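Read through the structure below, which is laid out as structure tokens, and then see the notes.
Not measured: the values here are computed from a predicted model. Start at 1 and go down the list; that is how both ligands and their atoms are numbered. In this chain, numbering begins with 1 at the start of the sequence shown.
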Amino acid sequence: MRRTPPHLPFLTGPPDFTVGLRPIDPQDWLLPDWEADCLPEKRALIAQQREAVFRCTQGAQPLCTEAADSVGAHLHIAAGGDLVAAAVAVSDDLVVMAPAPDGGYRAVAAVLCAPTYFSAQEAIGKDLFGLHAPVPDRLADGAPGLGRRIGRVFSGLQPNQVLERFNWTLQPGPARYTPSSGPLMAIADTADAADALALLHLRVERQTIRKLPQTGAVLFTIRISLDPLSAVFAVDGAKAALVSAWANAPAYVRSYKRWPRMERLMRAAVATAF
Ligand code: HEM
């Protein structure tokens with residue numbers, strides 16, 4: 001049965017590259033898991049492609065142990081200090097960010113089974129500037145704005161406080177494991193426009209950050225929700241809001257999110273929806 005999408009972030013307007021983090025009740029961190037249906041697929045992916053989806057750098061084990069056990073405690077399971085055991089118990093991907101001597105944070109371990117066009121291999125070792133280098137920077141002073149602003153949030157984070165934010169885009173098809181946009185864009189180029197309403201999916205990333213009290217690491221979690229536009233448009237007001245957000249997003253955001261490649265399908269989906 002088709003569900004009502006859990007998040008409709010475009011209802012508040014077009015996307016932009018902002019920090020947009022807000023504190024939430026730590027009890028609402030990872031539960032309920034409204035994407036738990038993907039867990040068998042996630043477990044199979046880890047079993048089949050462990051090297052591609054899991055990385056832990058030398059020396060990061062104490063941070064991974066604390067991260068795994070904090071997830072375990074929240075889910076009421078025994079993760080035994082094992083990041084993968086924690087990651088297969090919840091739909092969210094887990095990235096462990098270690099405090100660095102320069103005051104920044106660096107990705108030292110990750111289980112990434114639903115990445116939006118990046119991989120554990122690419123992320124590991126990078127700091128917040130390196131991770132966000134591909135994101136167009138729009139601060140007037142030309143300084144590396146996004147990485148710097150996120151760094152400030154990381155430094156000011158209080159132990160066990162949980163902050164939440166959302167990113168979203170559209171994609172053709174329901175694929176969760178998307179380390180590269182290439183295969184999706186090939187679908188976008190060739191798909192039959194008559195299928196657009198069922199094919200195009202809203203992809204929402206719910207991200208959280210939490211500082212771990214013992215090691216000072218920051219655990220970054222990413223939960224992906226995927227819903228076809230047919231389900232999105234069934235919500236009152238959602239079609240008009242999405243059309244408006246799609247059209248009014250700044251050109252650099254549209255281009256970064258590869259929206260021009262999906263314009264043909266988006267138009268067809270809107271035209272065929274009731
Ligand atoms: C919690 C604070 C963070 C904020 C506010 C933030 C913000 C953003 C924004 C605005 C984008 C552009 C994507 C879009 O809007 O669709 C982005 C992309 C990205 N972020 Fe973050 N981010 C944060 C933390 C992290 C962390 C901890 C990682 C570590 C893995 C990370 C990895 C990435 C990657 C890999 C991309 C895609 C870059 C690319 O296109 O290759 N982010 N982030």
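Put simply, part of F154 is less than 4.0 Å from ligand 1, judged by heavy atoms. Ligand 1 has no atom lying under 4.0 Å from any heavy atom of T169.
A175 approaches L226 most closely through the heavy-atom pair O-CD1, 3.6 Å.
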Discussion item. Assess the residue pair T221 and Q207 against the criterion (side chain to side chain donor-acceptor pair (under 3.5 Å)); give the C-alpha distance rounded to whole Å, side-chain angles, the decisive distance to 0.1 Å, and a yes or no.
Written reply: CA-CA 5 Å; T221 70; Q207 305 175 339; over 6 Å; no
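The nearest heavy-atom contact from the protein to atom 28 (C) of ligand 1 is F220 CE2, 3.5 Å. Regarding atom 37 (C) of ligand 1, its nearest protein heavy-atom neighbour is Y256 OH, 3.3 Å. Protein heavy atom at the shortest distance from atom 1 (C) of ligand 1 is I209 CG2, 3.6 Å. When hydrogens are left out, the protein atom nearest atom 16 (O) of ligand 1 is K257 NZ, 2.7 Å; that is the closest non-hydrogen contact. Counting only heavy atoms of the protein, atom 41 (O) of ligand 1 lies nearest to P134 CG, 3.3 Å.
Listing protein N, O or S atoms at distances below 2.8 Å from atom 21 (Fe) of ligand 1, with waters left out, gives H132 NE2.
At distances below 3.5 Å, at least one donor-acceptor pair connects side-chain atoms of R258 with backbone N or O atoms of Y256. Listed for the K211 side chain is a donor-acceptor partner under 3.5 Å among the backbone atoms of L157.
Geometrically, R223 engages W34 in a cation-pi contact, judged by NZ or CZ lying under 6.0 Å from the ring centre and within 45° of the ring axis.
Between W246 and W168, the distance separating the two ring centers is not shorter than 6.0 angstrom.
Between E66 and T215, the side chains place a donor N or O and an acceptor N or O closer than 3.5 Å (distance only, hydrogens not considered). Donor-acceptor pairing under 3.5 Å is recorded for the side chains of T116 and E205. Between T208 and R165, the side chains place no donor N or O within less than 3.5 Å of an acceptor N or O (distance only, hydrogens not considered).
In R165, the part holding a heavy atom less than 4.0 Å from any atom of ligand 1 is the side chain.
Residue Y105 is tested with F129, F154, F220 for a ring-ring contact (aromatic ring centres under 6.0 Å, His included); the sole match is F154.
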